[in-house]
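Throughout, a chain's letter reflects where its sequence line sits, starting with A, and its residues are numbered from 1. When reading the values below, keep in mind they use all heavy atoms of this one structure, side chains included, and skip hydrogens, waters and symmetry mates. These numbers come from a predicted model, not from an experiment.
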2 protein chains.
Amino acid sequence: MGDRVSVARERLREYLRGRGLRATRQRDRVLEAFLADAAHASVDEIYDRARAGDPAIGHATVYRAMGLFVAAGIAKERRFHADGRVRYEPALDVDHHDHLVCTRCGDIQEFENPAIERLQEEVAAARGFAVAYHRLELYGLCARCRAGEKGPEKSLDEQSGSRV
Amino acid sequence: MGDRVSVARERLREYLRGRGLRATRQRDRVLEAFLADAAHASVDEIYDRARAGDPAIGHATVYRAMGLFVAAGIAKERRFHADGRVRYEPALDVDHHDHLVCTRCGDIQEFENPAIERLQEEVAAARGFAVAYHRLELYGLCARCRAGEKGPEKSLDEQSGSRV
DNA sequence: TTTATTGCAAAGCGTTTGCAACGTG
DNA sequence: CACGTTGCAAACGCTTTGCAATAAA
């Protein structure tokens, strides 16, 4: 983790320098909080973690910093189904991946599947559509929850009822 | 269109009857507005259209009615990327489909591809994950916008793009 | 008549913004 | 020193909720 942070910090510095913006203590803290936290953290989670090291940091600063990270290509915004809030995931070092979201415990796993991506391109091409990016999420029960384990039962609640 | 509406209305009636709820003029209007409007309508769009026939209808009624339709299996909630608001699409008569979203004009096309779905099942199965439903959206430029046509340039804006 | 429903306005919630104080370059 | 940044609080936009009046059944 230590190294990911310094790579990201360097990238941020470049970005800032390139536009006359400034590197600040707060932005560093938010960056650390963002990368240290479990992937797919919400602003609140990042905010809490950032405040652990610097209790004066405000919500607005975190929002602004995350916007900056997205612009700098360090973070990607995600809006999962039935979850009003935005979540962020690291954008560096990662080739594209998709998500498996457990509707019971809220666990989010990642996967990638080139065959699916290829098919997507075919579908789009057939309609003259140029894909810039995509989003694929599979919702259901993770192995643990299927096994009946009585877990945390987190936020993400079941939603309408479509099937596969 | 006339027939889709009556099928949906019948389904709604059943649902209401089954739980001691009531069929009202407003719910009918909202149902018509929802089904008449282009697919993927937001609450505001449905609200406007419903008010065309009944200017007294309030926002709250539309929100409540849409919640009811989702519960009754008539509508499905959708939350597209970079669009804070919820959109609804008809859930009846439709086998599952996915979306192509144009990031310039906001156009939303539908498609289905069994091969992709099968691969998704494989990915999930490999992790012991039981898929209940999924969401696949391809974002980019539609054929018209690629051709340089100067269209409406609607709401949906590209994902990152914040300043600070 | 009973009680679900409505419309309004107020409240909620996540996110954004105005502004004076502050800190980086 | 200039000007980007911060924290606070107020503003926002979408959605939900409390409540007295209304209308299905």
Side-chain angles (χ1 to χ4, degrees), chain A residues 9 12-31 41-48 50-51 53-72 75 77-80 82-88 155-157 159, chain B residues 9 12-31 41-48 50-51 53-72 75 77-88 155-157 159-164:
Chain A
R9 185 180 292 134
L12 177 59
R13 287 269 154 81
E14 272 172 42
Y15 179 86
L16 295 172
R17 208 179 304 132
R19 2 207 124 197
L21 304 179
R22 292 170 187 176
T24 65
R25 174 175 47 81
Q26 290 91 332
R27 286 175 178 167
D28 254 28
R29 282 255 193 278
V30 175
L31 184 61
S42 65
V43 167
D44 265 353
E45 287 158 6
I46 297 168
Y47 170 79
D48 287 343
R51 278 175 83 91
D54 189 339
I57 287 182
H59 264 109
T61 300
V62 178
Y63 278 104
R64 289 189 274 231
M66 292 313 300
L68 209 53
F69 299 171
V70 169
E77 241 181 74
R78 289 278 170 190
R79 213 179 278 262
F80 292 103
D83 188 2
R85 82 197 72 196
V86 172
R87 289 176 178 277
Y88 293 94
S155 54
L156 286 171
D157 54 291
Q159 150 116 9
Chain B
R9 186 180 291 133
L12 177 59
R13 288 270 153 80
E14 271 171 41
Y15 179 86
L16 296 171
R17 208 180 302 132
R19 5 206 122 197
L21 304 179
R22 293 169 187 177
T24 66
R25 175 174 47 81
Q26 290 91 331
R27 285 175 180 168
D28 254 29
R29 283 255 193 279
V30 175
L31 184 61
S42 65
V43 167
D44 265 353
E45 287 158 5
I46 296 168
Y47 170 78
D48 287 342
R51 279 175 82 91
D54 189 339
I57 287 180
H59 265 108
T61 300
V62 178
Y63 276 105
R64 290 188 276 230
M66 292 312 301
L68 210 50
F69 299 170
V70 169
E77 243 180 72
R78 289 279 170 192
R79 213 179 278 261
F80 293 102
H81 198 202
D83 187 3
R85 83 196 71 195
V86 173
R87 289 176 179 275
Y88 293 93
S155 52
L156 285 171
D157 55 291
Q159 50 177 356
S160 59
S162 38
R163 69 260 112 219
V164 170

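Residue B:Val86 has its side chain nearest to D:dT15 when only C:dT24, C:dT15, D:dT15 are considered. In this structure, of D:dA25, D:dG7, C:dT5, it is D:dA25 that holds the atom nearest to the side chain of B:Ala23. Listed nucleotides D:dT5, C:dT5, C:dT6 differ in distance to A:Leu21; the shortest reach to its side chain belongs to D:dT5. Proximity note for A:Tyr63 (side chain, C-beta onward) versus C:dT6, D:dT5, C:dT15: the nearest is C:dT15.
Not a single ring-ring contact (aromatic ring centres under 6.0 Å, His included) links B:Tyr63 to another residue, sequence neighbours left out.
Listed pair B:Gln26 / D:dA23 fails the phosphate criterion, with no side-chain N or O lying under 4.0 Å from OP1 or OP2. Listed pair B:Thr24 / C:dT6 meets the phosphate criterion, a side-chain N or O lying under 4.0 Å from OP1 or OP2. Considering only side-chain N and O atoms, B:Arg25 lies nowhere under 4.0 angstrom from the phosphate OP1 or OP2 of D:dA23. Under 4.0 angstrom from either OP1 or OP2 of D:dG7 there lies at least one side-chain N or O belonging to A:Thr61.
Under 3.5 Å, the side chain of A:Arg19 and the base of D:dG4 form no donor-acceptor pair of N or O atoms. In this model, no side-chain donor or acceptor of A:Arg64 finds a partner on the base of D:dG4 within 3.5 Å. No hydrogens or angles were tested; on distance alone, a donor-acceptor pair under 3.5 Å links the side chain of A:Arg22 to the base of D:dC3.
Rounding to the nearest 0.5 angstrom, the gap separating the CZ atom in A:Arg22 from the CZ atom in A:Arg27 is 10.0 Å. Here the CG atom belonging to B:Leu31 is positioned 8.5 Å from the CE atom belonging to B:Met66, to the nearest 0.5 angstrom. Atom CG of B:Leu12 is separated from atom CZ of B:Arg17 by 10.0 Å, given to the nearest 0.5 angstrom. Remark: A:Asp44 CG to A:His59 NE2 distance equals 4.0 Å, nearest 0.5 Å.
End-to-end axis angle of the helix from C:dT1-D:dA25 to C:dG25-D:dC1, using five pairs per end and rounding to 10°, comes to 30°.
If you take CZ of A:Arg78 and C1' of C:dT15, they are 20 Å apart, rounded to a whole angstrom. With rounding to whole Å, B:Asp44 atom CG is found 8 Å from D:dC14 atom C1'. Going from atom CG of B:Asp54 over to atom P of C:dT5 covers 17 Å, rounded to whole Å. C:dT24 atom P lies 11 Å from atom CZ of A:Arg13, rounded to whole Å. A straight line from CD of B:Glu77 to C1' of D:dT15 spans 11 Å, rounded to a whole angstrom. Here D:dG7 presents its P atom at 11 Å from CZ of A:Arg29, a figure rounded to the nearest Å. Taking atom CZ on A:Arg85 and atom P on C:dC13, their separation rounds to 10 Å, with Å as the unit. The distance from atom CZ of A:Arg17 to atom C1' of D:dG4 is 16 Å, rounded to the nearest whole Å.
Annotation for B:Arg85 and B:Ser42: closest pair CD-CB, 3.5 Å, computed over non-hydrogen atoms.
Of the two residues near DNA chain C, A:Ala60 and B:Ala65, the one whose nearest nucleotide lies more 5' is B:Ala65.
Contact annotation: the side chain of B:Glu77 approaches that of B:Tyr88 to within less than 4.5 Å [non-hydrogen atoms, C-beta and beyond].
In this structure, A:Arg13 pairs ionically with A:Asp28, as a charged nitrogen and a carboxylate oxygen lie closer than 4.0 Å.
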